[in-house]
Amino acid sequence: MAVAAAHPAISGHEDHIHPEPESFVAKYIFSIDAKVIGVQYMITGLLFFIISGLLAEVVRIQLLRPEGGFVSNDTYNGVYSLHASGMIWMTIIPLVTGGFGNYVMPLQIGARDVAFPWLNLVSFWLFPVAGVILMGSFIVGAPEAGWTEYPPISLQGPPGTSLWCVAIFLIGISSTLTGINFLVTIMKMRAPGMTFTRMPLFCWAQLATAMLNMVATTALAGALLALFLERQFNVPFYDPGRGGSPLLWQHMFWFYSHPAVYIMILPAFGIVSEIFPTFARKPIFGYKMIAFSSIAIALLGFMVWAHHMFTSGMAPWLQLPFMILTMVIAVPTGIKIFSWMATLWGGKIEFHPAMLFAIGFLVTFSFGGITGVFLSAVPVDLHEHGTYFVVAHIHYVLFGGSMFGIFAGVYYWWPKITGRMMSNKLGVWHFWTTFLSFNVTFLPMHWLGLEGMPRRVAQYRPEFQFWNDVASAGSFVLAASTLILIYNMATSLLRGKKAPANPWGARTLEWTISSPPPYYNFKTIPAVLKNPYDFGEPLPYLGIDPQVDEFGNPPAGQSARPAHV
Amino acid sequence: MAVSAINSSHDAVRIRYENVDETYRETRDLRLLGFVLFLVSDVVLFSAFIFAYLYLRNSVPDWPPITSTGHQLPRFDVAFAAINSCVLFGSGATMHFAMENWKHLNKAAFNLWMIATIVLGSLFLCGQAYEYHSVAITWAGSTMGATFFTLTGMHGFHVFVGVIYLVVLFLQANKGVYTGSKYFGLTAGTLYWHFVDVIWVALFYLFYLM
Amino acid sequence: MAQYTAPRKPGLGPGFWQVTIAMTILNAIASYFIANLDIDKYLPEAADPASDIDALFKFLSVVGNAIFVYVVGYIVYFCIVWRRRASDGPDAIGIQIHDNPRLELWWTIIPAILMVIVAFFSVRIWINLQNTIGDVLTMESIGHQFKYEFRYPRLKQSVYDDMHLPAGTPVTLHVTSADVIHSFWVPEVRLKADMVPGLVQTLRFTPEKIGTYRIICTEFCGRNHGNMVATLHIDSQQDFGRWLSRQFKAQGQGSGPIALASGQATAGQALFGQKCSTCHSVGAFDQKIVGPGLGHLLDDPTHPNLVTGEKPTPADIAHVLVNGYQGPDNSQGKSGPSIGVMPNRQANALSNSDIANLTAYIVSLSQTK
């Protein structure tokens with residue numbers, strides 16, 4: 001109550017707003033504005049998405065024929081390793097945390113920026129440096145042993161493996177600093193009246209992700225440092241011939257890398273949790289359960305890492321607790337899926353591209369989650385580990401999950417960020433070509449794996465050719481479908497319709513300010529009275545700018561709704 | 001009489017602190033949480049290597065391990081390390097006294113205790129250098145060397161950075177950057193220095209006593 | 001501004017229960033189909049734990065399929081029934097419901113119970129795997145860049161690329177690596193173990209189906225990882241024995257020349273009683289049990305040669321003991337008992353001194369009249 005009384009709208013005195021920086025460099029290059037940094041992350045992330053995607057196409061061309069031959073085996077091994085490393089560390093994680101997190105989260109909690117803007121700047125600039133080092137490793141011989149780089153082979157590998165260690169170490173520092181930044185921001189800088197149960201679910205997701213980012217990443221830093229020291233200075237950690245242990249790497253690596261997959265998916269959960277209510281025109285169903293299950297998933301995510309190691313040679317009894325805990329995680333995840341489905345029930349569903357991708361996400365991520373249960377059952381994993389079944393699972397949850405969430409977020413927040421509208425028609429085309437070609441590409445990989453095709457191979461036995469060719473054909477269409485998105489973005493920037501403050505009639509705070517927002521976000525920090533998901537009622541905020549009326553609609557005559565396609 | 005004098009000065013300090021403007025208090029809260037979280041992530045970094053040490057130690061039947069030539073590496077000498085540890089823990093105590101004096105606005109005493117902390121911290125580093133020189137194992141020669149030098153090296157690096165940070169804080173304090181009520185930098189420095197101490201407790205136990 | 005609220009539709013929506021029933025029927029049909037699927041037809045279940053693992057896989061498929069059908073089915077149904085229509089004004093909103101604690105309780109409890117059941121069956125099969133028997137044939141496989149090495153108990157030298165196992169014999173396979181991490185996987189056996197340098201992992205299984213299968217490396221091991229494949233031959237017991245002895249021969253006896261002169265007849269007699277008397281008597285040649293009587297090999301005028309056609313000298317007797325006797329080919333349809341197969345020295349576990357002693361004993365039988 002004292003907090004509300006201190007609110008300027010009630011107490012009467014204005015917030016102090018710093019003047020905007022003047023120079024081009026301070027405004028757009030070395031900016032400390034979270035919105036600018038967010039856009040920088042998004043552009044850089046999109047660039048690495050394209051690079052890593054092209055690497056995937058090299059893989060798929062090689063795998064058109066059993067004998068390979070498109071590139072040398074050494075090149076191929078570097079290609080698939082950098083595809084994975086690039087997608088995980090230079091695309092998905094930066095986009096969902098640094099990209100959407102930086103732009104949307106401060107707006108949604110009614111803040112002007114994050115807690116430590118200069119730290120944010122450092123976090124961002126580590127990203128392109130790390131990315132260049134990673135992709136540049138081709139010059140000296142790219143790392144060849146996947147994104148997991150198991151020793152002993154990674155001890156001998158090409159020089160690029162050491163560069164890989166440096167690159168991932170740097171992006172890890174970036175992630176850790178972002179995690180600390182976001183955690184403090186969400187804990188301390190929410191607008192007056194925004195209790196945790198009034199906070200948008202996207203911010204809950206960012207909170208859980210920040211916890212993971214902050215705690216798990218330094219464990220990876222330790223593993224990488226040890227690998228680097230062993231490669232460069234012969235310091236024995238992993239070489240079994242000198243008292244080291246290859247399994248030590250696996251434990252340390254997966255202790256980070258399992259939470260990493262939750263870092264990649266939780267923000268996507270947050271994105272779709274905003275999109276479903278907006279385009280079904282009703283509250284998110286089960287807000288509290290979605291919020292708490294995010295935290296539960298984050299905590300449980302620390303306890304399951306060895307399900308990547310069932311065949312590794314660790315003590316067999318360890319398989320049991322890790323199998324059971326992994327199955328336990330399915331429960332909070334299932335709760336979310338049912339809650340999103342229940343948000344669709346009873347709605348007035350509009351099939352805007354953002355909503356299409358959110359619904360597509362629900363389908364593909366569920367499928368990926370189910371194959372995850374297969375992999376968690378040790379007896380079945382003994383057959384499926386290290387095969388294309390795992391590759392299929394990975395892509396259903398990371399592409400069908402995280403990337404679909406990212407695409408959904410792009411369509412949703414594009415008007416807010418750029419001040420322009422995208423073409424809905426192109427968005428629908430993008431969705432259907434992506435969704436269908438995605439399934440054509442990755443569904444066959446399930447039975448390729450079950451029938452005996454291992455992963456990370458530049459050649460394979462002839463009996464697997466047919467489905468590999470189907471998958472490759474699908475991947476070419478998938479790659480082409482991304483062009484639709486890029487074209488849509490380009491034409492929107494060049495001649496898209498100007499976007500109103502709230503084209504979708506959404507209710508979280510970012511939609512109460514102009515598109516794009518002024519550099520200071522809010523003239524006065526609003527006070528929050530209720531959760532944001534009650535459609536049909538006035539917006540539960542005090543002291544917002546009159547960009548929208550009390551129901552969140554633009555002034556009369558400017559409605560961008562209905563957002564029919 | 002002495003008690004009530006201390007009490008009243010306590011009250012004076014407290015009132016002075018609570019009258020600090022809200023903006024500073026909010027900023028200080030943000031920065032304190034951020035700094036604590038940074039220390040947490042640093043603890044995880046050390047924990048990862050401590051895990052590696054325990055795992056590697058557990059995977060061989062003998063510790064210190066037996067080399068390929070058949071002889072067993074020697075255990076570390078506890079006595080010297082114990083003395084050096086006391087030096088470091090002593091610097092933790094002096095840091096505490098420095099902070100107390102700052103809060104009670106005793107500038108001169110603060111300066112003295114700060115210098116003592118910096119000196120003791122530097123002495124610890126010299127002690128570590130001597131220890132590195134005198135141990136019979138090498139960094140690349142065994143997993144014992146690998147874990148010992150990497151972990152104590154990381155710790156020593158943290159101490160080194162800490163000493164520099166303390167020097168900077170000392171100079172800042174004397175330039176008037178901090179007041180009796182706004183001294184977040186000193187708080188951060190104290191936290192960091194105690195963190196370095198706590199890590200050393202773990203490392204001393206793991207390498208010298210266990 | 002007037003608040004527009006959507007009129008509350010009664011119930012869960014038009015056709016909700018019909019759709020639910022339809023999905024349930026679909027699931028029932030799919031479950032029946034999955035449960036009766038003969039996985040063996042697509043990927044042979046060539047060894048003992050494979051059918052257990054396939055059973056768990058089918059169970060997970062039934063559960064997973066059911067969940068997926070319901071999830072996707074309801075999503076599609078909701079998108080159709082609850083879509084915004086052209087007749088809805090721009091301010092149309094959905095049913096403003098935030099939660100339903102009872103529903104949420106049930107959709108937490110039921111999946112939790114389902115996961116408990118999944119865990120229960122998974123643990124059951126896992127325990128079965130831990131208790132698989134082995135140990136009748138214990139051998140090793142060592143991974144190299146980029147081939148598999150196999151070590152058998154009686155072969156001095158290793159075999160590469162082709163692994164033979166006898167059907168029906170519980171096998172204990174120890175695996176490790178000589179360089180980087182590899183993996184030993186036979187899809188038809190459904191078992192996999194990483195081959196880690198400095199560590200030994202153990203697989204236990206009983207080969208069952210005679211045939212040829214693939215051994216595949218599933219852990220990236222370098223440039224030719226994709227080509228690191230070997231062949232597993234599951235043979236009949238006899239074929240395995242023959243293969244093993246061929247290997248032994250190909251490796252050149254291995255244990256050096258046999259010193260016949262130092263054979264001890266008394267030791268040979270004891271050994272004869274242990275290993276030979278089941279099939280051979282010490283009477284005349286015609287006193288057959290399974291093989292001919294060995295009492296007068298050297299001086300029986302009615303049977304001047306050994307069964308191999310060689311002269312009955314000590315060296316030739318030793319030769320039969322070493323190589324066994326395969327018998328003439330009875331596949332031309334002759335009825336009656338075949339002349340039988342005499343096992344070779346590996347199958348009989350005869351060392352060089354054993355052979356020398358036995359030979360001395362058999363020779364001594366002929367010298368006593």
Side-chain angles (χ1 to χ4, degrees), chain A residues 73-74 145-146 150 152-153 240 246 280-283 285-287 289 311-313 316 323-324 327 330-331 334-335 337-338 341 344-350 359 362-363 366-367 370 373-374 377-380 382-383 385-387 451-452 454 456-460 534-536 551 559 561-562, chain C residues 1 3-5 43 53 56-57 60 64 67-68 71-72 74-75 78-79 82-84 88 90 92-99 104 107-108 111-112 115 118-119 122 125-126 129-130 180-181 183 187 190-194 196-199 201 214 216-223 225-227:
Chain A
N73 281 14
D74 286 344
Y150 282 8
I153 188 145
R281 317 300 298 150
K282 58 188 283 269
F285 190 94
Y287 169 95
M289 292 294 265
T311 63
S312 66
M323 166 166 69
I324 294 179
M327 291 176 173
V331 176
I335 290 172
I337 295 185
F338 303 144
M341 287 165 66
L344 289 175
W345 179 90
K348 285 267 173 243
I349 302 174
E350 303 172 350
I359 295 172
L362 212 46
V363 171
S366 297
F367 193 83
I370 290 170
V373 174
F374 278 76
V378 174
V380 173
L382 292 180
H383 181 62
H385 172 82
T387 68
E451 285 179 351
R456 300 182 167 155
V457 289
Q459 286 85 28
Y460 53 84
D534 288 325
F535 291 82
F551 288 91
S559 179
R561 297 199 71 255
Chain C
M1 188 168 191
Q3 261 186 287
Y4 178 84
T5 30
L43 188 70
I53 292 172
L56 182 60
F57 181 83
L60 292 173
I67 294 174
F68 191 65
V71 166
V72 174
Y74 279 130
I75 288 172
F78 291 158
C79 286
W82 297 104
R83 72 187 186 283
R84 192 160 184 280
D88 289 317
I93 56 177
I95 300 174
Q96 300 297 305
I97 177 171
H98 284 91
D99 56 22
E104 292 177 70
W107 78 31
T108 308
M115 290 318 295
V118 166
S122 304
I125 304 290
W126 181 84
L129 286 182
Q130 308 311 305
V180 300
I181 299 181
S183 192
R190 314 283 193 275
L191 290 180
K192 179 181 291 124
D194 284 357
V196 183
L199 202 150
Q201 268 210 88
R214 304 156 295 172
I216 298 173
C217 180
T218 57
E219 201 55 57
F220 179 79
C221 53
R223 178 178 294 157
H225 164 61
N227 290 318

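When heavy atoms are compared at a cutoff of 4.5 Å, C:Leu60 approaches chain A by way of both its backbone and its side chain. A:Met341 touches chain C through backbone and side chain together, each having a heavy atom under 4.5 Å away. Proximity to chain C involves both the backbone and the side chain of A:Val363, based on heavy atoms less than 4.5 angstrom apart. Proximity to chain C (any heavy atom under 4.5 Å) is shown, for A:Pro316, by both the backbone and the side chain. Within the 4.5 angstrom heavy-atom criterion, only side-chain atoms of C:Val72, from C-beta onward, approach chain A. Neither the backbone nor the side chain of C:Ser183 comes within contact range of chain A, judged by heavy atoms closer than 4.5 Å. Heavy atoms closer than 4.5 Å to chain A are found in both the backbone and the side chain of C:Ile125. For C:Ile181, the parts sitting under 4.5 Å from any heavy atom of chain A are the backbone and the side chain alike. With a threshold of 4.5 angstrom between heavy atoms, C:Leu129 approaches chain A through side-chain atoms but not through N, CA, C or O.
For C:Arg214, the CZ atom is densely surrounded, since the number of other residues' heavy atoms within 6.0 Å is greater than 12.
Distance alone, capped at 3.5 Å, is enough to place a donor-acceptor pair between the C:Lys192 side chain and the A:His383 backbone. Between the side chain of C:Gln201 and the backbone N or O of A:Thr311, at least one donor-acceptor pair lies under 3.5 Å.
Here A:Lys282 contributes atom NZ and C:Ile93 contributes atom CD1; the two are 11.0 Å apart, rounded to the nearest 0.5 Å. Remark: A:Ile335 CD1 to C:Glu104 CD distance equals 8.5 Å, nearest 0.5 Å.
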